[in-house]
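What you see is a predicted model, and the numbers here were worked out from it, not measured in a lab. In this chain, numbering begins with 1 at the start of the sequence shown.
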Amino acid sequence: MISAVATSGRGIELVVGVAGAGKTTAVDVTRRAFETAGYRVVGTSTSGQAARALGAEAGIGESRTIASLIWRLDHGRICLDRRTVVVCDEAGMTDDPNMLRLLAATETAGSKLIIIGDHRQLGSVGPGGSLRALVSRRSNGVHVLRENVRQAEPQERSILAQLRVGNVEQAVNWYAEHGRIASAPNREQALDEMVAAWAQDNAEGKNSTMLAWRRANVAALNVRALALMADAGRLTGPELRMGGSTFQAGDRVVTLAPSAHGQLVTSQRGQVIGVDLDEGALTVRMDDGRVHTLRPDQVGPDQLTYSYATTVHRSQGATFDAAHLYADGGGRELAYVAMSRARQDSHVHAVADNIYQAVEDLTWDWSRERRQSWAIDTGTPDTSPGRTPLEIEAEKRAPQKLRASLGRARLKAERDALADVRLGQSDPDLRRRAAQLDRQIHNLDHRLEPAKEDPLDPFRANRVEPPAPPRPDLGPDISISL
């Protein structure tokens, strides 16, 4: 991947890496290669944590969120040129409007754009699906990092690969057989047992985390963890109450928004090491070693919270020794991200009468995909890499209008190609083919037009449309761009 990206000369590169593939390390080497050749490398990501990682771990000093980068481009605070390489990390979380603006900015400037992510992990909050669509349509130009180097146990790496591609039953059965699934008859007991397991990990010196999909469950886990920390004597000194939270030295916290004059980004973790009641301030040592003093306007309920438990979305891109997931839904992408955070072992805690019911419930939930698709792909039975528009058009289970639209686009592309050849007036065969294409496009236009119904027609509700005529032989496949 590093060699291809550094030497291809293409304006855009697509890199798909499974969870734990070491993408950041690969980006670091790629960055050094371009900088050695005299290029300037800029990093960006929707996630503030991912943007920070590009700077701290991949050595891209000029790294910021996409929102910040686009604002600076719009206001002339930063300029791109032909000697600039832009690295967009965790691109699956980037919504389509921001991806479009980033593509337009780099294309206009003649810069190189390296898009890195995994369309099978968590997607964007807003309208998205662009990474998945690009990978599907340009599968021959995608660099794939398939080897997971995060998990210590080879068999667990293999099971995560099965979960990623949709072999859910095999993955869930493996977790059950290896004691990774715990069941409890009700929510309260499941949460209590999950916090107890997390506390045991910490007592053994592991960097352990608790994850859930819903914020209400994250809050309930944090309340229980906070009580255990206090009982164990790990919280000391004065208490600073901000909103509904009380912070002491020893508390583990996570940022919910940028603060410290831009030095801290969203989802950065740290530990409180000092409390100043007079100033209403906290001194926090972040996990990267930096120490910051957070003023009252930086520790409110929208700025800072406990990090004993977090949402799975906030954990994407992070790595721990052990992880515990409360099974409260979310689908396959969420499960894949949650179960791939830990180097050593990951556990699931489910509300179920027994382990057999837990396995059945997890298999059902993890079989559901929540990835966003583009409108052109919606309803298409199979858009996996390698599928061409012609194959989708021939798929009888695809919506009729989608098939007709694809057919029209293909016919128009062939007609335009014939016009470009400029031999239509001298070659009878080309003239006949062009006329045939015009007739077929005209017929498809009529099929795509909405029916013009008489609102007074009493039979309109029972009208049966005539069946579409069989698709004629249209010759060899012609590649088109949609």
Side-chain angles (χ1 to χ4, degrees), residues 1-8 10 12-31 33 45 47 50 53-54 57-58 87-94 113-123 129-175 178 312 315-320 323 331-346 366-367 369-371 373 382-387:
M1 183 277 283
I2 295 167
S3 298
V5 168
T7 61
S8 72
R10 288 193 291 261
I12 298 178
E13 306 283 354
L14 290 172
V15 181
V16 173
V18 304
K23 295 187 290 292
T24 304
T25 302
V27 170
D28 183 23
V29 180
T30 306
R31 184 264 311 166
S45 178
S47 162
L54 286 174
E57 301 173 26
V87 178
C88 177
D89 196 15
E90 298 288 357
M93 301 182 77
T94 304
L113 176 61
I114 304 174
I115 299 174
I116 304 172
D118 183 3
H119 56 291
R120 294 187 182 274
Q121 295 189 47
L122 292 168
S130 54
L131 178 62
R132 178 184 182 185
L134 287 169
V135 169
S136 176
R137 287 161 171 75
R138 299 290 181 264
S139 57
N140 292 335
V142 178
H143 312 288
V144 182
L145 303 177
R146 295 183 175 87
E147 185 180 358
N148 176 1
V149 296
R150 177 180 294 157
Q151 277 68 44
E153 187 177 341
Q155 196 171 7
E156 185 154 7
R157 295 198 294 266
S158 176
I159 286 302
L160 278 171
Q162 298 301 318
L163 176 59
R164 181 179 183 274
V165 300
N167 296 329
V168 175
E169 185 174 359
Q170 179 180 348
V172 174
N173 286 335
W174 186 90
Y175 288 124
H178 289 75
V312 178
S315 75
Q316 182 158 318
T319 301
F320 305 89
R332 186 195 307 168
E333 293 78 26
L334 184 136
Y336 176 59
V337 170
M339 300 303 287
S340 60
R341 294 306 93 201
R343 299 184 185 91
Q344 298 177 20
D345 47 53
S346 299
W366 292 4
S367 295
E369 286 189 300
R370 292 177 174 265
R371 293 183 294 163
S373 298
D382 185 6
T383 56
S384 57
R387 291 277 291 184

Which residues pass the side-chain contact (heavy atoms from CB on, under 4.5 Å) test with Ser3, not counting sequence neighbours? none

Contacts of Ser130 meeting side-chain contact (heavy atoms from CB on, under 4.5 Å) (sequence neighbours excluded), chain-then-number -> Asp96, Met99, Trp374

Checking side chain to side chain contact (heavy atoms under 4.5 Å, CB included) for the pair Lys23/Val15: CA distance, chi angles, key distance, verdict? CA-CA 9 Å; Lys23 295 187 290 292; Val15 181; 5.6 Å; no

Decide yes or no on side chain to side chain contact (heavy atoms under 4.5 Å, CB included) for Met1 and Leu145, but give the supporting numbers first. CA-CA 8 Å; Met1 183 277 283; Leu145 303 177; 3.9 Å; yes

Residues which pass salt bridge (Lys or Arg N to Asp or Glu O under 4.0 Å) with Glu147, listed by chain and number, not counting sequence neighbours: none

Rounded to the nearest 0.5 Å, the CG atom of Leu131 sits from the CD1 atom of Ile116 at a distance of 11.0 Å

Which residues pass the side-chain contact (heavy atoms from CB on, under 4.5 Å) test with Arg150, not counting sequence neighbours? Ala19, Asn148, Thr319, Ser340, Arg341, Arg343

Short N-O contact, Asp118 and Arg164, less than 4.0 angstrom: yes

Apply side-chain hydrogen bond (donor to acceptor under 3.5 Å, both in side chains) to Glu369 and list each qualifying residue two or more places apart in sequence or on a separate chain. Arg332, Arg371

Could you tell me whether a side-chain N or O of Ser315 sits under 3.5 Å from a main-chain N or O of Val312, the two making a donor and an acceptor? yes

Who pairs with Glu13 by side-chain hydrogen bond (donor to acceptor under 3.5 Å, both in side chains), at least two apart in sequence or on another chain? Ser8, Arg10, Lys112, His143

Could you grab the distance from atom CD of Glu156 to atom NE2 of His178, nearest 0.5 Å is fine? 9.0 Å

By side-chain hydrogen bond (donor to acceptor under 3.5 Å, both in side chains), which residues pair with Asn167, not counting sequence neighbours? Gln162

Near Gln344 CD, under 6.0 Å, is it more than 12 heavy atoms from other residues, nucleotides or ligands? yes

Closest heavy-atom pair and its distance - Ser346, Ala338: OG-O, 4.4 Å

CA sep, side-chain torsions, deciding dist, call: Leu163, Trp174, side chain to side chain contact (heavy atoms under 4.5 Å, CB included): CA-CA 11 Å; Leu163 176 59; Trp174 186 90; over 6 Å; no

Using the test side-chain contact (heavy atoms from CB on, under 4.5 Å), find all partners of Ala58 that sit at least two apart in sequence or belong to another chain. Thr24, Val27, Asp28, Leu54, Ile60

Distance in Å, Glu153 CD paired with Leu160 CG, rounded so as to fall on 0.5 Å steps: 10.5 Å

How long is the gap from CH2 on Trp366 to CD on Glu333, to the nearest 0.5 Å? 12.5 Å

How far does CG of Leu134 sit from CD1 of Ile12, to the nearest 0.5 angstrom? 7.5 Å

Taken in chain and number order and not counting sequence neighbours, the residues that satisfy side-chain hydrogen bond (donor to acceptor under 3.5 Å, both in side chains) with Glu90 are Gln316

I need the Ile114 CD1 to Asp89 CG distance, nearest 0.5 Å. 11.0 Å

Considering non-hydrogen atoms only, spot the tightest contact between Ala342 and Ala323 and give its length. CB-N, 3.7 Å

